[in-house]
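Order of appearance sets the numbers: ligands from 1, and atoms from 1 within every ligand.
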Amino acid sequence: MSNNFNKYYDKGFIDFEGNFLSTVSLIAAIISFIGLILNYFNDFPTVLIIIPLVALIFYLTIYIISKKRKNKSIQKWILSVGTLIILNLLWFHNYGYRGPAPYFFAIIYGVLIYVWHEKELQLVTGIIIINVLIIFYLDLYYPHITEEYADRQHKVIDIYSGVFFYIGLSFLVIFRAKNSYINEYKKAKNAEMLKTAFLANMSHEIRTPLNAIVGFSNLLAESDLPLNKRFEYKELVEENNSYLLQLISDILDISKIESQQLIINKKAVNLNVLITNIYNSIVISQKKKFNPDIKFSLNLLPDDFTITTDETCVNQIITNLVDNAFKFTDKGEINIKLSISENNVVIEVSDTGIGIKEENIEKVFERFYRIDNNVSKNRDNSLYRGTGLGLYLSRKLAALLEGNLWAISKRGEGSVFFLTLPLKDYQLLLPKKSKKKSNSNKELMTKFAHLKIMVVEDDQFNQIYFIELFKRFKINITIAKSGEEAVEILNNNCDFDLIFLDIKLPGIDGFEVLSHIKSVDCKSLIVAQTANAMEGDERNCLNAGFDKYISKPIKKAIIQKVLEDYIKP
Ligand code: ADP
């Protein structure tokens with residue numbers, strides 16, 4: 001807990017003490033200024049005018065520097081040590097125990113408690129105690145090293161103006177601390193409430209598709225189920241499956257963004273191609289439930305071009321916008337339009353759906369925000385299923401790509417969502433010659449049938465799945481149930497064309513099996529397959545020497561692509 005706190009504290013996420021630095025230095029500057037004026041008009045010795053003047057300059061400098069977030073720790077040390085030097089000078093020239101200086105040590109210590117934290121606070125406490133003991137000793141045994149007041153009147157004015165300083169300083173610091181604590185408390189309470197609402201929402205959102213998956217999977221096992229029903233149920237299982245995956249991946253992405261761990265991978269991206277792919281995959285996935293009353297269209301730019309951006313993020317944002325457009329549109333048109341304006345590429349996703357009330361347009365980009373969409377009573381409610389995370393995540397991603405995401409909408413008439421991306425490293429592409437038609441399906445299947453494949457997988461359900469999946473390509477695979485078994489098989493026979501290797505295995509893991517494969521000089525193509533689809537996993541696997549990386553759930557199309565790439569001449 002303490003380690004975690006320090007981690008966040010150091011990163012500046014929690015900067016409670018840091019925030020006090022500017023307040024304390026400003027208050028100290030104001031007090032120095034008042035002291036300077038009082039001393040000047042009371043005809044105090046010049047040195048008692050110079051000390052508050054130096055203090056004023058010193059605290060104003062700290063105040064200005066403290067506005068910058070850098071090197072807070074050094075600034076705090078300068079403030080503390082500088083203050084002690086000023087206090088000691090004040091004690092010496094402001095009549096030692098006879099004047100107000102000793103009490104300043106007490107009140108200044110109260111201020112430093114707000115500025116310091118843990119071990120450093122203990123150190124500062126120690127320094128102040130030693131300092132006070134020294135001046136106490138000097139005042140006790142050498143009372144004449146400090147002077148006497150010129151007269152009683154000066155003393156009274158000085159002591160009582162000191163008292164007002166103590167009161168002012170205590171009030172400002174304690175008042176500021178109180179407000180700060182109240183704000184932090186409110187924020188924590190709010191976060192707690194959001195978390196509770198989130199958990200309740202998630203529990204519902206996860207159970208709903210799970211229930212459908214479990215229920216329809218059980219129904220699929222009934223032997224007298226007609227074929228058309230089987231297909232229908234299979235589709236429903238798949239649909240709920242992808243919804244569940246989307247949900248999990250949104251939650252992971254949000255937690256990565258919020259802990260500043262999402263890595264942006266920029267490269268040249270052809271937006272015409274990217275948007276066409278999204279369009280095609282949506283048309284395919286929506287085919288069955290496609291409402292004939294909706295026209296789905298694309299407006300691309302006439303020439304192909306690339307910009308430097310993160311393909312996965314852009315894909316995620318546009319897919320989310322188009323998914324929403326389908327969710328909230330009953331009839332009319334959904335359109336994706338690509339255009340260029342000034343220094344930006346603009347991607348517009350427009351629909352003629354239910355629209356959003358003007359006062360809610362900005363709110364839809366907030367976390368977990370979902371409008372009560374119960375406007376169309378005869379509409380299937382499940383079509384409005386959602387977590388309220390999509391647009392929040394999309395806007396965060398757009399910002400990470402140095403772009404913007406916003407919307408215009410009219411209730412009952414439709415919405416237009418705009419995504420802008422900077423036109424950095426824009427490059428026009430020359431038209432490509434049309435590629436030769438790829439191998440026919442039959443030819444491919446014949447080639448696949450000759451492949452020798454081993455799958456290393458410890459989970460028995462996944463083993464059955466892989467056996468069934470490869471049967472679709474007429475391939476009988478060899479299964480190794482553990483890393484040890486894989487090593488044993490490979491010691492006897494190393495002539496596999498491809499090895500699909502799970503990374504997380506009990507006993508020796510995928511990376512160790514990989515180094516064994518390399519050490520026995522197998523020529524197989526080694527594919528990492530893992531359920532850890534986190535950013536960085538793919539890079540780790542490829543760096544370790546895997547030829548390819550695929551993440552679970554592994555669909556037929558993914559395996560087909562790996563096999564096709566392998567047999568390509
Ligand atoms: P959800 O998963 O609920 O769709 P989003 O963050 O993507 O989460 O959207 C938040 C809310 O914004 C939705 O619940 C919906 O009320 C509203 N919304 C988003 N897109 C549209 C749209 N195209 N038309 C009307 N309302 C929309």
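- Heavy atoms of F417 come nearer than 4.0 angstrom to ligand 1 in at least one pair.
- Interface atoms of ligand 1 facing L389, defined by a heavy-atom separation under 4.0 Å, are 6 (O), 8 (O).
- Set against the non-hydrogen atoms of K327, the atoms of ligand 1 under 4.0 Å away are 1 (P), 2 (O), 4 (O).
- Of the charged side-chain nitrogens involved, none lies within less than 4.0 Å of a carboxylate oxygen, so that K481 and E457 do not count as a salt-bridged pair.
- Residue contacts with ligand 1 include G355, since one or more of its heavy atoms lies under 4.0 Å from the ligand.
- Counting heavy atoms from C-beta outward, T530 and K504 have side chains that stay 4.5 Å or more apart.
- With N360 contributing its side chain and K363 its backbone, the two residues share no donor-acceptor pair below 3.5 Å.
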Derivation of the salt bridge (charged side-chain N to carboxylate O under 4.0 Å, His left out) call for K267 and D310
CA-CA 6 Å; K267 58 174 189 181; D310 184 305; over 6 Å; no

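- Listed by number with element, the atoms of ligand 1 under 4.0 angstrom from any heavy atom of G390 are 5 (P), 6 (O), 7 (O), 8 (O).
- Across the listed options D323, L391, N360, L393, L391 owns the non-hydrogen atom lying nearest to atom 6 (O) of ligand 1.
- Ring-centre distance between F470 and F448: not below the 6.0 Å cut-off.
- Shown in contact with D351 at under 4.0 Å from a heavy atom are these atoms of ligand 1, numbered in order with element: 22 (C), 23 (N).
- Using a 4.0 Å cut-off between charged nitrogen and carboxylate oxygen, E362 and R395 count as a salt-bridge pair.
- Contacts between I356 and ligand 1 below 4.0 angstrom, taking non-hydrogen atoms only, involve the side chain exclusively.
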